[in-house]
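Keep in mind that what you see is a predicted model, and the values were worked out from it rather than measured. Each residue takes its place number in the sequence, starting with 1.
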Amino acid sequence: PCWFFLLYIGFFILRNLRKETMPNNCCDSNEHNWDCKYRIILWVVLVINLGMFILEIFSGLISGSQSLLADSLDFFADAANYGISLYVLSKSITLRAKASLIKGYTMGVFGVFVAVSTVYKVFFAVTPKAEIIGAVGFLALAANVFSAFLLYKYRKGDSNRASVWICSRNDAIANIAVIFAGLGVWVTNTKWPDLAVAFIIASISLSGAYHIIKKAKKELEVRKVIN
């Protein structure tokens with residue numbers, strides 16, 4: 001039931017966010033052309049992440065893989081973060097920094113949740129299906145490499161843009177780890193490689209959260225001094 005609730009929330013956000021963030025023709029509006037292209041790219045990667053979230057949920061449940069379930073939550077968190085970035089794209093630097101704080105704390109909560117749930121699976125999980133982990137891991141890696149490629153030239157700037165790039169970069173790293181989890185499960189026929197990768201995904205999220213929060217707080221301090 002938790003997964004279906006997240007799925008419903010995702011589609012609700014997607015439907016309403018488009019009305020708020022996408023003019024009929026943003027490139028013909030007063031918005032700078034650079035921001036217009038970035039907005040379109042954010043929409044593309046948001047849809048990609050929601051799609052992979054759905055795929056990895058069902059794949060993780062079918063295969064019994066903790067690393068796929070952890071990665072699916074990562075995709076959902078990233079989709080939500082891209083949605084926040086879309087909403088605050090044309091807002092003030094202060095509001096964008098505050099939004100980055102929300103994204104950073106969200107990533108941190110996700111990391112803690114994955115770590116705790118993985119500890120639980122240490123005692124209760126069964127050996128997952130290696131072939132599903134590997135196949136979905138390759139597909140997820142392709143999705144994230146494509147997203148990272150689209151976002152690469154926009155990686156510099158305020159904490160909001162930096163957080164978007166960090167999300168995509170971290171996801172690609174996590175997907176490589178998921179592929180190795182599938183290989184490890186296939187070779188050893190045990191659950192331990194899958195659980196180890198779930199811990200790695202949790203640590204990547206916590207590290208990314210730390211850097212985003214640090215940059216956002218620095219921006220807020222600078223604005224406070226200026227004001």
Side-chain angles (χ1 to χ4, degrees), residues 2-3 5-22 31 35 38-53 57 70-117 144 147-148 150-151 154-174 201-227:
C2 175
W3 304 112
F5 175 73
L6 288 175
L7 185 60
Y8 172 79
I9 293 296
F11 279 117
F12 177 80
I13 292 173
L14 186 63
R15 185 185 66 181
N16 288 277
L17 185 64
R18 188 184 186 283
K19 297 178 182 179
E20 295 290 333
T21 64
M22 201 68 171
E31 186 175 39
D35 284 336
Y38 184 57
R39 185 184 297 276
I40 294 172
I41 288 173
L42 282 178
W43 268 108
V44 171
V45 296
L46 189 156
V47 171
I48 289 173
N49 275 261
L50 274 181
M52 289 307 304
F53 160 66
I57 279 181
D71 205 36
S72 73
L73 280 180
D74 195 19
F75 272 116
F76 180 81
D78 287 349
N81 287 339
Y82 296 143
I84 293 173
S85 294
L86 275 165
Y87 183 75
V88 302
L89 186 59
S90 58
K91 309 296 183 182
S92 67
I93 184 66
T94 300
L95 186 57
R96 295 201 301 271
K98 290 179 179 178
S100 296
L101 278 178
I102 294 174
K103 290 189 281 185
Y105 287 125
T106 299
M107 289 179 66
V109 170
F110 157 76
V112 172
F113 174 80
V114 170
V116 172
S117 63
N144 275 314
S147 297
L150 292 177
L151 292 165
Y154 300 97
R155 70 193 185 282
K156 300 291 179 66
D158 59 35
S159 60
N160 183 53
R161 297 198 181 207
S163 67
V164 169
W165 164 248
I166 289 173
C167 285
S168 294
R169 182 201 63 189
N170 286 356
D171 281 354
I173 296 172
I201 293 175
S203 65
I204 290 173
S205 293
L206 290 172
S207 175
Y210 169 77
H211 289 293
I212 291 171
I213 292 170
K214 182 180 179 181
K215 187 175 178 66
K217 285 185 174 180
K218 185 176 180 180
E219 288 177 356
L220 288 174
E221 289 173 0
V222 170
R223 296 303 297 178
K224 187 180 295 185
V225 171
I226 294 175
N227 295 334

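With rounding to the nearest 0.5 angstrom, the CD1 atom of Ile57 is 11.5 Å from the CZ atom of Phe75. Atom CG of residue Leu86 and atom CH2 of residue Trp43 lie 6.0 Å apart, to the nearest 0.5 angstrom. Here the straight-line distance linking atom CG of Asp171 with atom CG of Asp78 works out to 4.0 Å at 0.5 Å rounding. Here CG of Leu46 is found 13.5 Å from CD1 of Ile41. Values are rounded to the nearest 0.5 Å. Note: Tyr82 OH to Leu50 CG = 11.0 Å, rounded to the nearest 0.5 Å.
Scanning for side-chain contact (heavy atoms from CB on, under 4.5 Å) contacts around Tyr210 gives Lys214, with sequence neighbours left out. Residues forming a side-chain hydrogen bond (donor to acceptor under 3.5 Å, both in side chains) with Asn49 (at least two apart in sequence, or on another chain): none. With sequence neighbours excluded, the residues forming a side-chain hydrogen bond (donor to acceptor under 3.5 Å, both in side chains) with Asp71 are Asn175, listed by chain and number.
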For residues 201-209, dump all side-chain donor-acceptor pairs below 3.5 Å to protein atoms at least two apart in sequence or in another chain.
residue, atom, partner, partner atom, Å
Ser203, OG, Ile200, O, 2.7
Ser205, OG, Ile201, O, 3.2

task: Mind running side chain to side chain contact (heavy atoms under 4.5 Å, CB included) on Leu151 and Leu42 for me, showing each step along the way?
output: CA-CA 8 Å; Leu151 292 165; Leu42 282 178; 4.3 Å; yes
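The shortest heavy-atom contact between Leu101 and Lys217 is CD2-CG, 3.8 Å.
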